[in-house]
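Residue numbers run from 1 in the order of the sequence given. When reading the values below, keep in mind they use all heavy atoms of this one structure, side chains included, and skip hydrogens, waters and symmetry mates.
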Amino acid sequence: MLKFKRNFRKLNSEKLPSWLALLGSVLVLLLAAYLRIHHLDANGLWGDEGWSVEFSEPSSPALVTRNLVDDLHPPLYFVTLSAWRQVAGDTEIPMRFWAVCPALLSIALVDRIGRKLFSPSAGIAAGLVLAIADKHILLSQEVRHYPLAFMWMAASSLVFLLWLENPTRRRTLLYAMLIIAGVYTHYYTTLILPVQVIYATLVLSPRRCIWHLLGIMGLSLLAFAPWAIVAVHQLLIRPEGILHSMSLSWETADTLTIDYLGRPVILGIGLILVGSLAFKNRLQWNQSPTVWYPVLWLGVPIAISIVVYPLVTVLTDRNLALLLLPIAILAGHGIVSFRPPGRVILAVLVLVNGLASTDSRYVQPDWRTMARYVTQNYPIGEPVLMDVRGGDKALAYYLRRYLPPDTQVISLNQWRIDYGIYFQGPVQDLLQANNGFWVAYWGDGPYEMDSTYQNYGYTQTAMHRFYHLGAPIDWYHYDRLPTSDEVLGIFGDSIQLHRVKTTFEVKRGEPLTVSLWWSTAEKLTISYSVSVFLLDGNDVLRAQHDSAPQNGHSPTNSWTPNQVVLDSHAVKIPKDLPHGDYLLAVKVYNSADGQILHILTDGAIEYLIIGTVQVR
């Protein structure tokens, strides 16, 4: 049993029935689970989540670890995510659920820490504050390692406090294991160690007990030695630190305060102050050492981040989100520092304010919708390129998920990194091996690769624009132009159909994507519609898709004479359509009056048969 310099008297000597304390904790966890699981897949993956998916793609822990050597993170989360994906699948919900689980455990641990330091009511209130914290909810719904790191820090704190009371071998071993797990999950978890050293120095006696604690920490960190060389390498290849690090300024402080405390900020600050200070007839410094731990947990990481900022920039809203845990503990204690019914009214106020407002959110590019657009307009067999820095991993995830399995999905940004000055070599090989491709571009100004594609005989045949916070993200389709005699049919006097590409085989209930390449010999004044349809052996219509070219984004009256335009149609095959062969046909008509443009190539017929589709 360790000896303490001060008596650990709890600040609230309440006697809450055990069943009521249990009920309160369960209700908080149920609320937290609902807030994190509800609409878990409402938003698509964003850039950093795409990196998590790519790093955890291999099934071998060794390969996962090897992929992280040139990154900024240790491997534990990604190894566990890889194993989880093999069991649960790799869609958004199961992958994000791997973050929800440690997030909920963190809330339970914060509840337990609050009980340990203060009282059962303080623990429940601390869990409630964390459960409705917008930032914590947001991080809990991402395929990222932060909730797991927070869980290790909370578990380490609880076991540390228990170890101070009675340093048994079991607690010592568990404490060491939690330190190791934390540092192998996120380097920022080491910030809990100086917090614990300072706290132990303040409360333990004699000083040799501190050396006992330092010995445990030192031996635990020895287990990190195999990865320490990699960690140094990661720092050396990025001496500037994290590229998206925030500046050390009052503006950053204001942003993070709102992000972590929510609005009104004065409510959160007030609860933290009340939770940190004694509240009797007036606010005064609290003499009980139990409050020192969350105060140090809040202050020490901030101080260290400021001190190391000139050396390495690691100041991000996600790294410092570890402060959410001590904030919740202090705010929870602040709530129960008031006498009933004041604490109940305050708790309800905090709950309603937390549920009714959202003070931490990110607006990310909708890569999922962008990938679906290309999937619906994808000429079979072509590669898909990405020139979007920061979002290519998330976009690639959806493209590989939606497109046929053998589709080449290539990040030009990654090629620039991999090939360096030889980047043009693989690009040249790719362009020579294909006749068309989609490419996504997100950058400043005109697309600089356009001239390269033109030099290899490609012309832009389609373009669709998305926006993210006012900035355009464009999809371009490039083709080698058909020869002048490559005409399948002429509709009316001038609309020419040059090419058709499809699989000519489809399963019932799935869409059949048919890609058409058009041009016009003269300027058109009418916006015509294109119908792509299936006919059975009795010439009965069985499935069709009608729209202006490119689903209305490239109407025929906007075409430039002799400009080749890609037009894709997704023909939905009914689930009850009998198996067999069906004729695939196309026609052009004026949707305003129904007038059909007859095909002049082979007599005056209304539609062109372009092949036979087998429905399976």
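- Side-chain atoms of Thr358 and Asp134 include no donor-acceptor pair closer than 3.5 Å.
- Remark: Ala33 engages Ile37, Leu104 in a side chain to side chain contact (heavy atoms under 4.5 Å, CB included) (not counting sequence neighbours).
- Partners of Trp297 under the ring-ring contact (aromatic ring centres under 6.0 Å, His included) rule, at least two apart in sequence or in another chain, are Tyr293.
- For His73, the ring-ring contact (aromatic ring centres under 6.0 Å, His included) partners are His145, not counting sequence neighbours.
- For the residue pair Asp70/His233, the side-chain donor-acceptor check at 3.5 Å is satisfied.
- Gln432 CD: more than 12 foreign heavy atoms inside a 6.0 Å radius.
- Heavy atoms from other residues, nucleotides or ligands lying under 6.0 Å from CZ of Phe97 number 12 at most.
- The backbone N or O of Leu430 sits less than 3.5 Å from a side-chain atom of Asn434, completing a donor-acceptor pair.
- Scanning all heavy atoms of the two residues, the minimum distance from Ser52 to Val143 falls at OG-O, 2.7 Å.
- Proximity of the aromatic rings of His464 and Phe466 is defined here by a centroid distance below 6.0 angstrom, and this criterion is met.
- Pairs of residues two or more places apart, or lying in two chains, that qualify as salt bridge (charged side-chain N to carboxylate O under 4.0 Å, His left out) and include a residue from residues 57-66 are Glu57-Arg85.
- Checked against the 6.0 Å centroid criterion, the rings of His186 and Trp152 do not qualify as a close aromatic pair.
- Under the 6.0 Å distance and 45° angle rule, Arg144 does not count as a cation-pi partner of Phe150.
- Going from atom CH2 of Trp98 over to atom CG of Leu81 covers 8.5 Å, rounded to the nearest 0.5 Å.
- Residue pairs meeting the salt bridge (charged side-chain N to carboxylate O under 4.0 Å, His left out) criterion with at least one partner in residues 219-236, sequence neighbours excluded, are absent.
- Other residues, nucleotides and ligands contribute only 12 or fewer heavy atoms inside 6.0 Å of the CE atom of Met177.
- Under the ring pair (Phe, Tyr, Trp, His ring centres under 6.0 Å) criterion, the residue pairs touching residues 35-68 are Tyr34-His38, Trp51-Phe55, Phe55-Phe78, with sequence neighbours excluded.
- For Thr255 and Thr252, the side-chain atoms include no donor-acceptor pair closer than 3.5 Å.
- Residues passing the ring-ring contact (aromatic ring centres under 6.0 Å, His included) test with Tyr467: none are found, sequence neighbours excluded.
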Point to revise | Full working for side-chain hydrogen bond (donor to acceptor under 3.5 Å, both in side chains) between Thr189 and Tyr184 | key: CA-CA 9 Å; Thr189 60; Tyr184 269 104; over 6 Å; no
Exercise for review: Step by step, work out the side-chain hydrogen bond (donor to acceptor under 3.5 Å, both in side chains) result for Gln196 and Ser156.
Suggested key: CA-CA 10 Å; Gln196 294 169 350; Ser156 170; 3.2 Å; yes
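- Smallest separation of non-hydrogen atoms from Ile180 and Ala223: CD1-CB, 3.6 Å.
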Exercise for review: Apply side-chain hydrogen bond (donor to acceptor under 3.5 Å, both in side chains) to the pair Tyr447 and Gln460, showing each step before the final yes or no.
Suggested key: CA-CA 12 Å; Tyr447 186 30; Gln460 186 184 126; over 6 Å; no
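- Listed by first and then second residue, the salt bridge (charged side-chain N to carboxylate O under 4.0 Å, His left out) pairs involving residues 93-103 are Glu49-Arg96 (not counting sequence neighbours).
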Exercise for review: Might you work through the side-chain hydrogen bond (donor to acceptor under 3.5 Å, both in side chains) test for Tyr175 and Arg171, ending with a clear yes or no?
Suggested key: CA-CA 6 Å; Tyr175 178 58; Arg171 290 177 178 177; over 6 Å; no
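- Not counting sequence neighbours, the partners of Asp317 by the salt bridge (charged side-chain N to carboxylate O under 4.0 Å, His left out) test are Lys135.
- Every residue meeting the ring-ring contact (aromatic ring centres under 6.0 Å, His included) condition with Phe437, not counting sequence neighbours, appears here in chain and number order: Tyr453, Tyr458, Tyr478.
- Looking at Tyr187 and Gln234, their side chains do bring a donor and an acceptor atom within 3.5 Å of each other.
- In summary, the side chains of Tyr260 and Ser360 do not present any donor paired with an acceptor at a separation below 3.5 Å, with no hydrogens or angles considered.
- Summarising the geometry of Pro383 relative to Gly436, their closest heavy-atom pair is CD-O, 3.5 Å, with the distance given to 0.1 Å.
- When all heavy atoms are compared, the tightest approach of Trp442 to Pro472 is CD1-O, 3.5 Å.
- Residue pairs satisfying the salt bridge (charged side-chain N to carboxylate O under 4.0 Å, His left out) criterion with at least one member in residues 378-387, sequence neighbours excluded, are listed as follows: Glu382-Lys501, Asp387-Arg416.
- Residues forming a salt bridge (charged side-chain N to carboxylate O under 4.0 Å, His left out) with Arg361 (at least two apart in sequence, or on another chain): none.
- The two residues Leu68 and Pro75 come nearest to each other via the heavy atoms CD1-CA, 3.4 Å.
- Surrounding CD1 of Ile417 are more than 12 heavy atoms belonging to other residues, nucleotides or ligands, all under 6.0 Å away.
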